[in-house]
Amino acid sequence: MVLFHQKEWSDQELSELDAWIHAGGGILTYSDSASGGHYKKVGLRNSVGQQTVNRIISKYGMEVATDQGGGTRAYQPDEEMEHPIVKGLILEGEGVSPVAVPLDSNVKILIPFSPQNYVDGKSKNLKIQDDGISLQDYQWAALAMAPVGQGHVIALFDRQPLWNNGPGSSIQRKDNQEILRRIIHFLAGSDPDAPSR
């Protein structure tokens, strides 16, 4: 499994990564305003991070928005969602770069980024700026997963659930730690329902 941040992948590296995923590998990628660029190139609507992440995941049917500056926000899966990664849990992030998922794709939205799935945060409704999104007829997700050959690509709407060096969400907030534990198990091919050691 690979976590992506601050790395601009070459064409050769992306080709090798793609072959690895098709053969059964799994990646978790997340969007953030600083992804792929110098730390001074951060801030709202920064397209450097968006372009870096989309260069990796767009071929798998997903794209991320720029950092929306939406504040700390939490979302839950649809009631009927039975996937073991998210069942019964709440995901929280800060800033948020939601994931665009085409309506007619095989990408599974594990947690929608919608007012109906909103649990807590700065404001329920957030007008998302879709600059840089090339997809047509899509919906937004906080967490989405694409099957790729024998492997999977999972996209997360923010870095904050993984690590945080300032105010906002963190792995200790809501159910972030458990969701991330389940993601790791799933991508590694083990049982996401397995208890922590």
Side-chain angles (χ1 to χ4, degrees), residues 1-37 48-65 75 77 81-87 89 91 93 96-113 132-135 138-164 171 175-197:
M1 187 193 66
V2 183
L3 302 174
F4 292 110
H5 189 64
Q6 297 297 92
K7 162 86 175 156
E8 294 190 53
W9 290 66
S10 69
D11 290 342
Q12 177 65 32
E13 289 172 324
L14 289 173
S15 177
E16 292 174 6
L17 176 65
D18 183 63
W20 178 77
I21 296 169
H22 273 86
I27 66 169
L28 168 61
T29 179
Y30 59 89
S31 183
D32 186 79
S33 64
S35 295
V48 174
Q50 177 192 40
Q51 292 165 3
T52 300
V53 173
N54 287 345
R55 182 164 153 72
I56 298 165
I57 68 171
S58 63
K59 72 184 305 176
Y60 307 116
M62 299 179 280
E63 292 183 356
V64 294
Y75 292 84
M81 174 55 70
E82 293 292 323
H83 198 280
I85 288 177
V86 296
K87 184 177 179 183
L89 300 180
L91 176 65
V96 303
S97 301
V99 184
V101 176
L103 299 175
D104 61 350
S105 73
N106 67 343
V107 178
K108 181 183 285 278
I109 293 179
L110 299 178
I111 300 180
F113 188 88
I133 300 293
S134 66
L135 301 172
Y138 57 84
Q139 55 191 338
W140 295 109
L143 187 66
M145 178 179 65
V148 180
Q150 300 300 308
H152 292 87
V153 175
I154 294 179
L156 180 65
F157 74 160
D158 194 32
R159 69 169 166 85
Q160 295 273 341
L162 292 164
W163 60 276
N164 183 3
I171 198 169
D175 297 319
N176 288 348
Q177 186 170 353
E178 178 60 17
I179 287 178
L180 292 165
R181 186 191 71 78
R182 292 182 187 183
I183 288 173
I184 300 301
H185 275 280
F186 181 86
L187 293 176
S190 58
D191 182 4
D193 291 323
S196 300
R197 293 185 181 187

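Please read these numbers as outputs of a predicted model, since none were measured by experiment.
- Checked against side-chain contact (heavy atoms from CB on, under 4.5 Å), Ser15 has no partners two or more places apart in sequence or in another chain.
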Worked verdict on Leu28 versus Leu180 for side chain to side chain contact (heavy atoms under 4.5 Å, CB included): CA-CA 10 Å; Leu28 168 61; Leu180 292 165; 4.2 Å; yes

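- In this structure, CE in Met81 is found 9.5 Å from CG in Leu143, a value given to the nearest 0.5 Å.
- Qualifying side-chain contact (heavy atoms from CB on, under 4.5 Å) partners for Glu82, counting only residues two or more places apart in sequence or in other chains: Lys87.
- Applying the side-chain hydrogen bond (donor to acceptor under 3.5 Å, both in side chains) rule to Lys59 yields no partners; only residues at least two apart in sequence or on another chain are considered.
- With sequence neighbours left out, Glu13 forms a salt bridge (charged side-chain N to carboxylate O under 4.0 Å, His left out) with Lys7.
- Partners of Phe186 under the ring-ring contact (aromatic ring centres under 6.0 Å, His included) rule, at least two apart in sequence or in another chain, are His83, His152.
- In this structure, Asp175 has no side-chain hydrogen bond (donor to acceptor under 3.5 Å, both in side chains) partners at least two apart in sequence or on a different chain.
- Nearest heavy-atom pair, Val101 versus Ala144, reported as atom, atom and distance to 0.1 Å: CG2-CB, 3.9 Å.
- Minimum interatomic distance between Asn54 and Ser58 (heavy atoms only, all atoms of both residues): O-OG, 2.8 Å.
- Considering CG of Leu110 and CD1 of Ile179, their distance stands at 9.0 Å, rounded to 0.5 Å.
- Here the rule is side chain to side chain contact (heavy atoms under 4.5 Å, CB included) with Val99, and of Thr29, Val53, Val64 only Val64 fits it.
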Steps toward side chain to side chain contact (heavy atoms under 4.5 Å, CB included) verdict (Val153, Val107): CA-CA 9 Å; Val153 175; Val107 178; over 6 Å; no

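- Shortest non-hydrogen contact noted between Pro112 and Pro77 is CD-CA, 4.3 Å.
- At distances below 3.5 Å, not a single donor-acceptor pair connects side-chain atoms of Ser105 with backbone N or O atoms of Gly61.
- In terms of the salt bridge (charged side-chain N to carboxylate O under 4.0 Å, His left out) criterion, residue partners of Asp11 (sequence neighbours excluded) are, by chain and number, Arg55.
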Audit row: Ile154, Ile27, side chain to side chain contact (heavy atoms under 4.5 Å, CB included) steps and yes/no: CA-CA 6 Å; Ile154 294 179; Ile27 66 169; over 6 Å; no

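- When every heavy atom of Ala100 is checked against every heavy atom of Leu135, the shortest pair comes out as O-CD1, 3.5 Å.
- Counting only heavy atoms from C-beta outward, the side chains of Leu91 and Val86 never approach each other to under 4.5 Å.
- In summary, the aromatic rings of Tyr75 and Phe113 are positioned with their centroids under 6.0 Å apart.
- In this structure, Ile133 CD1 and Gln50 CD are separated by 5.0 Å, a value rounded to the nearest 0.5 Å.
- Partners of Tyr60 by ring-ring contact (aromatic ring centres under 6.0 Å, His included), not counting sequence neighbours: none found.
- Contacts of Gln139 classified as side-chain contact (heavy atoms from CB on, under 4.5 Å), with partners at least two apart in sequence or in another chain: Leu103, Ile109.
- Atom CD1 of Ile85 sits about 11.0 Å away from atom CD of Glu178, to the nearest 0.5 Å.
- Inspection of the Glu63 and Ser134 side chains reveals an N or O donor paired with an N or O acceptor under 3.5 Å.
- When every heavy atom of Gln150 is checked against every heavy atom of Ala23, the shortest pair comes out as CB-C, 3.9 Å.
- When all heavy atoms are compared, the tightest approach of Ala155 to Met62 is CB-SD, 3.9 Å.
- Listed for the Asp158 side chain is no donor-acceptor partner under 3.5 Å among the backbone atoms of Tyr30.
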